[in-house]
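Presented below is the structure to which this report refers.
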Amino acid sequence: MTAQNIDDVVDGLAGIVQEAGRAGDRAGYFAALYRQVTVEIRTAIHSGLFEDGARMDRFDTLFGNRYFDAYDAWRRDRSGPRCWRETFGLLDDADTIIVQHLLLGVNAHINLDLAIAAARTSPGSDIHALHHDFQLINDILARVVLAVQDSVDALSPFMSLLDRAGGRTDEQILDFSIRQSRQEAWHNALLLAGQDDTGRAATIERLDVRATVLARLITRPGGLLRPALEVIRHTENNDVPAVITHLDNAMQQTVARRGPAD
């Protein structure tokens, strides 16, 4: 599938979520998170939040197409970027917990795709004009990630063990990972925007290799995280269609529980 605008991105993600729900495919986990982020960004574009709404539409479309291309390549012949192959290759692994599937998607899409999409949206010196709107997305992400984290906590009653085992007590795992990754992605976007074709290819290769290494660390962490994952695995909801539905309704559930955001 190839999106022409942000509406197509939302529709494409909704289609993946729906099909994954019917098939019991864990690809729906990350797609549900991503769909809700994209809906919120589209709302922000329509409300005039960004300095250049048309540019943000192009940016989000390029970004979405990176995911669709990787998804289609995997479905077609198990090809695509290394980090996405690592991510999609674990979809049938019942030992990988819900938050790991989410983090794997976040890792590949942000640590590889985001910088590429930003540099293609605003090549050369134009990249600097994108920075303000790029940063505004952090606030949108924070709202969605908080809702999804609440949803994950409901599905995985022992999720707090990961914070304790990892030495973090004041940050949500998803939010922490996304914010850190987006900071690095911006620096890589600046690099890519100023490179020639040869330089860009080398940088993209380096980003893919790094994201693949991170994917393996997410999947097979060491230390106290391993026994924590075992506990979570045996206690979280393993009904894949039900998990997808719950994750995909995270924002609606938050609004119903807390009321709309200011």
Side-chain angles (χ1 to χ4, degrees), residues 1-45 53-92 101-123 130 134 137 140-141 144-145 148 178 181-182 185 188-189 192 200-201 204-205 207-208 211-212 214-215 240 244-245 247-248 250-251:
M1 66 190 79
T2 300
Q4 301 301 316
N5 51 51
I6 195 170
D7 290 333
D8 288 349
V9 177
V10 172
D11 291 344
L13 290 168
I16 291 173
V17 170
Q18 291 167 6
E19 178 57 32
R22 287 192 292 267
D25 184 348
R26 293 179 183 86
Y29 293 178
F30 175 71
L33 165 62
Y34 189 17
R35 185 195 69 79
Q36 289 168 99
V37 171
T38 307
V39 167
E40 293 297 308
I41 291 173
R42 181 175 64 181
T43 299
I45 291 172
R55 181 180 60 198
M56 290 307 294
D57 192 301
R58 293 195 304 274
F59 171 48
D60 199 273
T61 302
L62 287 168
F63 190 39
N65 280 330
R66 290 284 310 179
Y67 171 71
F68 293 144
D69 288 348
Y71 181 84
D72 289 344
W74 175 259
R75 296 296 179 189
R76 183 176 60 250
D77 57 13
R78 297 301 191 258
S79 63
R82 290 185 186 90
C83 59
W84 276 116
R85 296 201 307 266
E86 193 78 20
T87 298
F88 292 136
L90 289 165
L91 293 177
D92 294 329
H101 284 293
L102 293 174
L103 287 171
L104 285 164
V106 165
N107 167 60
H109 205 31
I110 294 183
N111 288 321
L112 175 64
D113 296 335
L114 184 59
I116 297 171
R120 287 180 178 171
T121 301
S122 300
L130 181 63
F134 184 94
I137 294 176
I140 295 171
L141 282 169
V144 179
V145 165
V148 171
I178 289 174
S181 296
R182 281 181 57 81
N188 288 317
L192 286 167
R200 277 194 297 273
I204 291 170
E205 173 71 11
L207 294 178
D208 191 9
T212 302
L214 290 173
V240 176
I244 293 170
T245 298
L247 292 173
D248 196 47
M251 286 298 289

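The first residue in the sequence is number 1, and the count goes up from there. What you see is a predicted model; the values in this text were computed from it and never measured.
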In Å and rounded to the nearest 0.5 Å, what is the CD1 to CG distance from I110 to N188?
12.5 Å
Would you call F30 and T87 a side-chain contact if the rule is heavy atoms closer than 4.5 Å?
no
Spatial distance of atom CD1 (I6) from atom CZ (F63) [nearest 0.5 Å]:
11.5 Å
Are L112 and R82 close enough that some pair of their side-chain heavy atoms sits under 4.5 Å apart?
no
Donor-acceptor pair, distance only, cut-off 3.5 Å: does the side chain of N65 make one with the backbone of A3?
yes
Less than 4.5 Å apart, side chain to side chain, heavy atoms only: is that true for D60 and I45?
no
Separation between CG of L13 and CD of Q18, rounded to the nearest 0.5 Å
11.0 Å
Under 3.5 Å: donor-acceptor pair, side chain of D208, backbone of C83:
yes
Gap between atom CG of L103 and atom OH of Y29 - 0.5 Å precision:
14.0 Å
Any side-chain to backbone donor/acceptor pair from R55 onto S122? Under 3.5 Å, distance only.
no
Counting only N and O atoms by type, is there a donor-acceptor contact under 3.5 Å from the side chain of Q36 to the main-chain atoms of L247?
yes
Run the side chain to side chain contact (heavy atoms under 4.5 Å, CB included) check on L62 and D113 step by step: do they pass?
CA-CA 9 Å; L62 287 168; D113 296 335; over 6 Å; no
Can you check whether I16 reaches M1 side chain to side chain, under 4.5 Å on heavy atoms?
yes
Minimum side-chain heavy-atom gap L114-R182 below 4.5 Å:
yes
N/O donor-acceptor pair under 3.5 Å between R35 side chain and A14 backbone
no
Taken to the nearest 0.5 Å, the spacing of R75 CZ from E19 CD works out to 8.5 Å
In terms of relative ring orientation, are H109 and Y34 parallel, tilted or perpendicular, with 30° and 60° separating the classes?
perpendicular
How long is the span from the CZ atom in F88 to the CZ atom in R78, to the nearest 0.5 Å?
10.0 Å
Would you say the side chain of M56 lies within less than 4.5 Å of the side chain of I137, judging by non-hydrogen atoms?
yes
Flag side-chain contact, heavy atom, 4.5 Å: I116 against R200
no
Show the numbers, then the answer: is there a side chain to side chain contact (heavy atoms under 4.5 Å, CB included) between L192 and R120?
CA-CA 9 Å; L192 286 167; R120 287 180 178 171; over 6 Å; no
I140: what forms a side-chain contact (heavy atoms from CB on, under 4.5 Å) with it, not counting sequence neighbours?
E40, I41, A44, L49, F50, R143
Output, in order, the C-alpha distance, side-chain angles, deciding distance and verdict of ring-ring contact (aromatic ring centres under 6.0 Å, His included) for Y71 and W84.
CA-CA 8 Å; Y71 181 84; W84 276 116; 9.1 Å; no
